[in-house]
Chemist: 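Right, I'll just put the structure down here and ask away after.
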Amino acid sequence: MARHTAHRTPRAHWSLLLLGGLVLLAELCFNGYVELSAGESGTPAPHVGSALTDPAGPVLRVDRAGGVTAAAVPAGAIALTFDDGPDPRWTPRILDALREHQARATFFVVGSQVNRHPELVRRILAEGHELGVHTFTHPDLASVPVWRQRLELTLTANAIAAATGRAVRLVRPPYSSTPSALAPDEFAAVRTVADAGYLTVLTDLDTEDWRGPGVDAIVRAARPEPGATSGAVVMLHDGGGDRSQTVEATRRILDETHGFRFVTVSEGVGLPAASVAGTGVKARGLALRWTQTTAAWLSGAMWWLIVLSTALALLRLAVQVAAARRHARLAGRQRHRRAYPGRVSVIVPAYNEAANIAATVRSLVANDYPGIEVVVVDDGSTDGTADIVRRLGLPSVRVIRQPNAGKPAALNTGIAAARGDLLVLVDGDTVFEPDAVGRLVQPFADPDVGAVSGNTKVANRKGLLGRWQHLEYVVGFNLDRRMFDLGGCMPTIPGAIGAFRREALFEVDGVPADTLAEDTDLTMAILRAGWRVVYAPDAVAWTEAPGSLRQLWRQRYRWCYGTMQAAWKHRRAVLERGGGGRLGRRGLVYLVLFQMLLPLTAPLVDVYAVFGLAFLPWAQVAAVWCGFTALQVLAAAYALRLDREPMGPLWTVPLQQVVYRQLLYLVVVQSSVAALLGGRQRWQAMARTGLASAMAPTR
């Protein structure tokens, strides 16, 4: 109804929101992929037989025809190799031990760990040691597809190139051991390694230090057999768990193994020094590191965001329920007190309300409060709304016609024409219970009360959309109003049913017209003027809720955008005292936190939920979701009980969490973007069907 300059609603932000969500999901999924990285903590299922009938050494080259050339470390040499690092705790200790004995070794590094600790990889090379690939996330290569095998090798090589500027040519598959233990499926992975241009390095002596067998056992397993004619490649681990035994065993091996020199694998088998990595490989490695670092940061931030938003949601729920319980006890003590606080005029602004206006007016005239005056202000309707009211022929009803000027102007016209000291403002699609007016005005017996909110209920409850809105009214709106009443910070009296003292309206210059949520704007102004605003839950009116998602979107968009306007307009209340201070430091903070900021985090929560379905245990995800939904159901049940409503709609709560909730938070996103861009929106009237009058129960 209100006239505002219309600007084209921004659309690009939806594309940006979708793109941002996809990028965030990709980052989280990449972090989930990286976090699969783990050290040697076990072995795959045992294999039967070996793919190599007569292995001549642990360093394997496989040609295109599948032929294998093996090389061994010569006699008098030992190549110590360390897998699963670099680790910020254990790798430096092992490097220190090697430096003390002027020994060199080969480190088969995990690519994701290289990105986390590039300085350790640079130190490994700077001290004369060698690097090899141990995949990016430590999978069993024999159990993953070929594309994943190649990806693991490439990503790790890129990470090493970015950290050191050097290329690598050696690969040790995770969970591998000696050539004699190489099973056929593992040999297939070795062929993939060869196709990618790498040599595979297995081991002669597997210490199985990852098992934690004790320092003595590790040292014994690392020593060549007496009289051995060749040297040995020895497998140890510098990452993936507690490697304190490995550190001590390394020192003892270096101290107690005499007659051997300690070399790198390449030195032992006569390979040339590693080449310099290409510029493209280094650039890809840097991009990979930045991506991994960003993904880890986003994952951590998202985790804390989930924790914070969940804690706030649970806190809000707990406060709502506790406040509602206390409010119900206080209201119960006053339920049977009836007084006559003054003459009542009901003002009904109407624009094209032909579907419901007759039922609205009849319900008002039929109320049991004595001497009600009804003033219907037809704001330029084109559907005969005024004529319908005139034909009713009710003596206590007046009709005022005016050109279309908007709902605030229509309300102010009615206020000026009304004769009562207490003014009830009613939407043209609202049907009152027979005792609603009397119950609504009872709080005015207190001279400090300037306005009273009634209890709006949804009349058209059939279908999922109707049930969801019914639950939202009962659970969200009414629980909030009970809490606001106790806190003395009621920010909104709904347009469907609200009562005002004439003196309070005059003090704030009537209904404001500079926001889309004139009811919220007016209520905040009355609070700042020093009046009390209270809630009368037993004053019930029935309203027609939107019957389609499109209509619901338009209504909630107007509400949300208008609430943002009103909150900004009254932002100085935060610094005031009295009612204004309570509004600012309680009501406005609550609105900003729970109705503006918290919904803006909901898309991020949903993205994290999709990530959780892919990377977290389903039982854990299901338990969290079911637990949170169960709390929502219990809160809804309590709210329905307070309002003396049947429990039937509770079964729709789980669906409400995955459909209706998304629509409402997208409304907040749209409103926030429009507010930031400074757009002005039109007041858009909802198409009425008459369901409020047809479905309103009688008591």
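In this text, all values refer to a predicted model and were calculated from it rather than measured experimentally. The residues of the chain are indexed from 1 along the displayed sequence.
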Chemist: Tell me yes or no: between the side chains of Asp429 and Thr543, is some donor less than 3.5 Å from an acceptor?
Modeler: yes
Chemist: With the side chain counted from C-beta on, respond yes when Pro512 and Leu522 share a heavy-atom pair under 4.5 Å apart, and no when they do not.
Modeler: yes
Chemist: Please give me the minimum heavy-atom distance between Gly476 and Gln320, naming the atom from each residue.
Modeler: O-NE2, 4.2 Å
Chemist: Checking the side chain of Gln551 only, and the main-chain atoms of Gly547 only, is there a donor and an acceptor separated by less than 3.5 Å?
Modeler: yes
Chemist: Just wondering, do Val431 and Asn356 contact through their side chains at under 4.5 Å, heavy atoms?
Modeler: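 Not in contact.
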Chemist: Counting distance only, does the side-chain N/O of Arg289 pair as donor-acceptor with the main-chain N or O of Ala162 below 3.5 Å?
Modeler: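 Checking the backbone N and O of Ala162 against the side chain of Arg289, a donor-acceptor pair under 3.5 Å is found.
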Chemist: If you look at every heavy atom in Ala566 and Thr520, which pair is closest and at what distance?
Modeler: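 In terms of heavy atoms, the two residues are closest at CB-CG2, 3.9 Å.
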Chemist: So which atom in Ala451 and which in Ile493 form the shortest heavy-atom distance, rounded to 0.1 Å?
Modeler: CB-CD1, 3.2 Å
Chemist: Specify the closest pair of heavy atoms between Ala409 and Gln402, including all atoms of both residues, with the distance to one decimal.
Modeler: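 Heavy atoms only, the tightest pair is C-NE2, 3.9 Å.
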Chemist: May I ask you to test the Phe628-Leu314 pair for a side-chain heavy-atom distance under 4.5 Å?
Modeler: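 Yes; the side chains approach each other to less than 4.5 Å.
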Chemist: Test your reading of the model: is there a side-chain donor-acceptor pair from Ser381 to the backbone of Asn352, 3.5 Å cut-off?
Modeler: yes
Chemist: Is the side chain of Ser309 donor-acceptor paired with the backbone N or O of Ile306 at a distance under 3.5 Å, no angle test?
Modeler: yes
Chemist: Please determine whether a side-chain nitrogen of the Lys or Arg among Arg528 and Glu507 lies less than 4.0 Å from a carboxylate oxygen of the Asp or Glu.
Modeler: no
Chemist: Take Leu17 and Trp14 through the side chain to side chain contact (heavy atoms under 4.5 Å, CB included) test and state the conclusion after the steps.
Modeler: CA-CA 5 Å; Leu17 178 64; Trp14 292 123; 3.8 Å; yes
Chemist: Between Leu549 and Leu663, what is the shortest heavy-atom contact and its length?
Modeler: CD2-CD1, 3.7 Å
Chemist: Are His570 and Asp521 linked by a side-chain donor-acceptor pair shorter than 3.5 Å?
Modeler: yes
Chemist: Answer yes if the ring centres of Tyr590 and Phe484 are under 6.0 angstrom apart, and no otherwise.
Modeler: yes
Chemist: Atom CG in Asp643, atom CG in Asn478: separation rounded to 0.5 Å?
Modeler: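 Rounded to the nearest 0.5 Å, the CG-CG separation comes to 5.0 Å.
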Chemist: Is it the case that the side chain of Gln656 and the backbone of Trp468 share a donor-acceptor pair, with hydrogens and angles ignored and the cut-off at 3.5 Å?
Modeler: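 Yes.
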Chemist: Do Leu486 and Leu330 have side chains that get closer than 4.5 Å, going by heavy atoms?
Modeler: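 A side-chain contact under 4.5 Å exists here.
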Chemist: Evaluate the criterion side chain to side chain contact (heavy atoms under 4.5 Å, CB included) for residue pair Val34 and Arg116; output intermediate values, then yes/no.
Modeler: CA-CA 11 Å; Val34 168; Arg116 293 188 183 104; 3.3 Å; yes
Chemist: Is there side-chain contact between Leu527 and Arg582, with heavy atoms separated by less than 4.5 Å?
Modeler: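 They are not in side-chain contact.
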Chemist: When you look at CZ of Arg325, are more than 12 heavy atoms from neighbouring residues, nucleotides or ligands closer to it than 6.0 Å?
Modeler: no
Chemist: Distance from Asn31 atom CG to Phe615 atom CZ, nearest 0.5 Å?
Modeler: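 Rounded to the nearest 0.5 Å, the CG-CZ separation comes out at 9.0 Å.
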Chemist: Any sub-3.5 Å donor-acceptor pair from Ser672's side-chain atoms to Val668's backbone N or O?
Modeler: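 A pair under 3.5 Å: yes.
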Chemist: Say whether, by atom type as modelled, one donor and one acceptor occur between the side chain of Ser112 and the main chain of Thr137 under 3.5 angstrom.
Modeler: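 Not at all, since once roles are kept as given, no pair shorter than 3.5 Å links the two residues.
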Chemist: Would you call Arg467 and Glu645 a salt bridge, using N to O less than 4.0 angstrom?
Modeler: no
Chemist: Among Leu591, Val592, Thr515, exactly one meets side chain to side chain contact (heavy atoms under 4.5 Å, CB included) together with Thr563. Which residue is that?
Modeler: Leu591
Chemist: Which distance, rounded to the nearest 0.5 Å, do you find between the CZ of Arg316 and the CG of Leu312?
Modeler: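 So the CZ of Arg316 and the CG of Leu312 are separated by 10.5 Å.
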Chemist: Should Arg326 and Asp485 count as an ion pair when the cut-off is N to O under 4.0 Å?
Modeler: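 A salt bridge is absent here (no side-chain N lies under 4.0 Å from a carboxylate O).
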Chemist: What's the spacing between Leu583 CG and Arg585 CZ if we round to 0.5 Å?
Modeler: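 Spacing of CG (Leu583) from CZ (Arg585) equals 10.0 Å.
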Chemist: If you measure from the Lys or Arg side-chain nitrogens to the Asp or Glu carboxylate oxygens, is any gap between Asp606 and Arg661 under 4.0 Å?
Modeler: yes
Chemist: What pair of heavy atoms forms the shortest contact from Ser453 to Tyr535, and how long is it?
Modeler: O-CD1, 3.3 Å
Chemist: Check Thr360, Val540, Val346, Ile497 against Phe432 for a side chain to side chain contact (heavy atoms under 4.5 Å, CB included) and give me the one that passes.
Modeler: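 Answer after filtering Thr360, Val540, Val346, Ile497: Ile497.
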Chemist: Quick one about Trp625 and Gln657 (side-chain donor to acceptor, distance below 3.5 Å, no hydrogens or angles considered), yes or no?
Modeler: no
Chemist: Measuring from atom CH2 of Trp559 to atom OG1 of Thr492, what distance do you get when rounded to the nearest 0.5 angstrom?
Modeler: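 The distance works out to 10.0 Å.
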Chemist: Indicate yes or no for a side-chain donor-acceptor contact from Arg284 to the backbone of Asn158 under 3.5 Å, with no hydrogens or angles considered.
Modeler: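 Side chain of Arg284 to backbone of Asn158, a donor-acceptor pair under 3.5 Å: no, none is there.
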Chemist: Would you kindly check if the NZ (Lys) or CZ (Arg) of Arg550 is within the cone defined by 45 degrees around the ring axis of Trp553 and under 6.0 Å from the six-membered ring centre?
Modeler: no
Chemist: Judged by modelled atom types alone, do Asn115 and Gln292 share a side-chain donor-acceptor pair under 3.5 Å?
Modeler: yes
Chemist: Working note: Leu613 + Tyr608, criterion side chain to side chain contact (heavy atoms under 4.5 Å, CB included); need CA distance, chi angles, decisive distance, verdict.
Modeler: CA-CA 9 Å; Leu613 290 175; Tyr608 196 85; over 6 Å; no
Chemist: Mark yes when over 12 heavy atoms from residues, nucleotides or ligands other than Arg571 sit less than 6.0 Å from its CZ; otherwise mark no.
Modeler: yes
Chemist: Determine yes or no for a side-chain-to-main-chain donor-acceptor pair under 3.5 angstrom, with Asp379 supplying the side chain and Ala405 the backbone.
Modeler: yes
Chemist: Are any non-hydrogen side-chain atoms of Lys407 and Tyr351 less than 4.5 angstrom apart?
Modeler: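 A side-chain contact is absent here, since even the closest heavy-atom pair is not under 4.5 Å.
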Chemist: Hydrogens and angles aside, do Glu353 and Thr385 bring a side-chain donor and acceptor to less than 3.5 Å of each other?
Modeler: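 No - no donor-acceptor pair under 3.5 Å links their side chains.
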Chemist: In the structure I gave you, are the side-chain heavy atoms of Lys457 and Phe477 within less than 4.5 Å of one another anywhere?
Modeler: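 Sidechains of Phe477 and Lys457: no contact.
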Chemist: Short question: side chain of Asn455, backbone of Ala541 - any donor-acceptor pair under 3.5 Å?
Modeler: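 No.
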Chemist: Walk me through it: do Tyr660 and Leu655 pass the test side chain to side chain contact (heavy atoms under 4.5 Å, CB included)?
Modeler: CA-CA 8 Å; Tyr660 190 73; Leu655 289 176; over 6 Å; no
Chemist: Quick check: do Val377 and Val375 have side-chain heavy atoms less than 4.5 Å from each other?
Modeler: yes
Chemist: Distance check, rounded to the nearest 0.5 Å: Ile357 atom CD1 versus Asp378 atom CG?
Modeler: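 Going from the CD1 atom of Ile357 to the CG atom of Asp378 covers 8.5 Å.
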Chemist: Looking at Arg501 and Asp448, does any basic side-chain N land under 4.0 Å from a carboxylate oxygen?
Modeler: no
Chemist: Before accepting this row, confirm whether a basic side-chain N of the pair Glu472/Arg556 lies closer than 4.0 Å to the acidic partner's carboxylate O.
Modeler: yes
